[in-house]
Structure formats: structure tokens, C-alpha cells
2 protein chains.
Amino acid sequence: MSLVQLEYFVAIAEEGNIGRAAKRLHVSQPPLSRQLKSLEEELGTTLFARTTRGVELLPHGKQFLHHARRILAQVEEAKHSLGQPSDTDREAQ
Amino acid sequence: MSLVQLEYFVAIAEEGNIGRAAKRLHVSQPPLSRQLKSLEEELGTTLFARTTRGVELLPHGKQFLHHARRILAQVEEAKHSLGQPSDTDREAQ
DNA sequence: TCAAATTACGGTCGACGTAAGGATC
DNA sequence: GATCCTTACGTCGACCGTAATTTGA
């Protein structure tokens, strides 16, 4: 599992559509599809049901979404906890 | 930042020595040294003081260690939460 | 000189993007 | 046929391990 996979997963969950998630993340669709598949295989379960409109969270997916969001939020917190300037602050110098 | 970097960082912090951490992680020393440097650069701060005996946590390092451990623990929790359905996934259907 | 970290370097594995291939409506 | 997701395939960057270098007691 990687943080990128979690970011991809959350984006897909929020967009309900891999194509839109890809656009939002500024990558093409295949990487998202592949990373999602890889994540599902590692977890040993299916997170989304694939539909013709896009994808839809399954119960395991909903559950995992909470974890993923919490982890990513704490990563952000960890980054900024060192009292170091944010990206925008650093640019402003 | 990657989860691997966090794992390496925690191991180095606990061993106080990159060589021992490498042995524990079953990798060679250079990857740990490189990933640590990369992490420090991304965070914009130094996490360890390098000594001839090994390395020693600096204040920023101690602070970051808490975050890293919490993140890694939650990753484990996320992985295992799907195997044994917990009560946290009881929400609006 | 010893022990530890770091840097150099070559090779391998992984991830991306374009393109092609299903599947469902 | 249109719109998704997925698989194929070639390329490029990232990471590893061995080896060489640096640094400090």
C-alpha cells in the first residue's frame, strides 16, 4: 500500500468515476485503474462496483474510505507540524 | 513522502543507527541513508544529528516520530479492518 | 585506523502515457 | 455507437545493492 494509492482511491470515491478522478489528479485513466486494482488485490477485497457510468463504493470501500482519509489527513498534519512554512509561504519569499 | 520512508525513519529512530536499522529491515544501509535524506529535504528540516556512533533524534525528529508512528499504526488498522469487519463501518446505508 | 554515514554507479523493477481492447447501455 | 474501465506495450524515472569515498574519534 502506498500513499499515492490512497490518494487515488479517495479521488475515485469522491468522483465516482475514474476518468474524472484522473482529470482532477492530472494523470491519465490507466494509472488510476491499475493502482486501484493493485490496492484491491493487496487488501484482498473489492472496493468498488464497476458500472457503465463509472464506479460505486461497496461496503468495504466505504469502510476503507474513512481510514484512507484519516491517514492522508495525518500525513498533511505531520508535514505541517514541524512549523515549517507551507508551499505558498515559501513561494512568497 | 511515502510509507516506506516513514517505516525507515521509525526504524532508524528506534535503532539510533542506520546500519542496525538496515539489518532489521533487511535492506542495505544506502537506501536508508538516501530515503532519510530525501524525507528531510521534503520536510525542509533535519530530523537526526549525525554522530560517529550513529544518529540521534533532534527535536523535529522526535516530534515527527509521533506522527510517523500514528500513521503507520493506522495503515495497519486500515489493512486489518477489512478482514475482520469492525463496528466502525456501521453508517447510513 | 575503525566505524559509521554518504555518494557513485550500474542494473532492475515499477509507473506512466498512448494505443488498443472489452463491456454495457 | 458512446462511454466507461481495462489491458498491451514501450519508455523513463526511481530504487536497490555493491563499491568507493568521506568524516570523525
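A note on names: the letters A, B, ... follow the listed sequences, proteins ahead of strands, and every chain is numbered from 1.
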Quick check on [N]: is either OP1 or OP2 less than 4.0 Å from any side-chain nitrogen or oxygen of [X]?
X: B:Ser28; N: D:dG17; answer: yes
X: B:Lys37; N: C:dT7; answer: yes
X: A:Gln29; N: C:dT18; answer: no
X: A:Thr52; N: C:dT24; answer: no

Check the distance between [N]'s [atom2] and [X]'s [atom1] and give it to me in whole angstrom.
X: B:Asn17; N: C:dT6; atom1: CG; atom2: C1'; result: 14 Å
X: B:Ile12; N: C:dA4; atom1: CD1; atom2: P; result: 14 Å
X: A:Arg53; N: C:dT24; atom1: CZ; atom2: C1'; result: 12 Å
X: B:Phe48; N: C:dA5; atom1: CZ; atom2: C1'; result: 13 Å
X: B:Leu39; N: D:dA14; atom1: CG; atom2: C1'; result: 16 Å
X: B:Glu56; N: C:dA5; atom1: CD; atom2: C1'; result: 15 Å
X: B:Leu36; N: C:dT7; atom1: CG; atom2: C1'; result: 15 Å
X: B:Met1; N: D:dC15; atom1: CE; atom2: P; result: 14 Å

Considering only side-chain heavy atoms of [X], which listed nucleotide, [options], is closest?
X: B:Ile18; options: C:dT6, C:dT18, D:dT18; answer: C:dT6
X: B:Pro31; options: D:dC16, C:dT18, C:dT6; answer: D:dC16
X: A:Gln35; options: D:dC5, C:dC16, D:dC16; answer: C:dC16
X: A:Pro30; options: C:dA5, D:dG17, C:dT18; answer: C:dT18
X: B:Val27; options: D:dG17, C:dT18, D:dT7; answer: D:dG17

**OP:** Provide the closest heavy-atom pair for A:Leu25 versus A:Ala11 in the form atom of the first, atom of the second, distance.
**Re:** CD1-CB, 3.7 Å
Subject >> Shortest non-hydrogen contact from B:Phe64 toward B:Met1 >> reply: CZ-CE, 4.1 Å
Subject >> Check: B:Ala78 main-chain N/O paired with B:Ser81 side-chain donor or acceptor under 3.5 Å >> reply: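 It does hold such a pair.
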**OP:** Tell me what A:Tyr8 touches on the nucleic acid: a base, only sugar-phosphate, or nothing, going by heavy atoms under 4.0 Å.
**Re:**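 Sugar-phosphate, no base atom in range.
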**OP:** Report which part of the nucleic acid A:Val4 touches: base, sugar-phosphate, or nothing (heavy-atom distance under 4.0 Å, all strands).
**Re:** nothing
Original post:
Taking the side chain as C-beta and beyond, is there a heavy-atom pair between A:His60 and A:Thr46 under 4.5 Å?
Top reply: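 A side-chain contact is absent here, since even the closest heavy-atom pair is not under 4.5 Å.
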Original post:
Quick check: are there more than 12 heavy atoms from other residues, nucleotides or ligands sitting under 6.0 Å from CZ of A:Arg24?
Top reply: yes
Subject >> Presence of donor-acceptor pair under 3.5 Å, side chain of B:Arg34 and base of D:dG17 >> reply: yes
Subject >> Residue pair B:Gln5, B:Glu42: steps toward the side chain to side chain contact (heavy atoms under 4.5 Å, CB included) verdict >> reply: CA-CA 11 Å; B:Gln5 284 177 325; B:Glu42 178 178 354; 4.2 Å; yes
**OP:** With DNA chain D as reference, determine whether B:Ser2 or A:Val55 sits nearer its 5' end, using the nearest nucleotide of each.
**Re:** A:Val55
**OP:** Starting from the 5' end of DNA chain D, give me the residue, B:Leu32 or A:Thr51, whose nearest nucleotide shows up first.
**Re:** A:Thr51
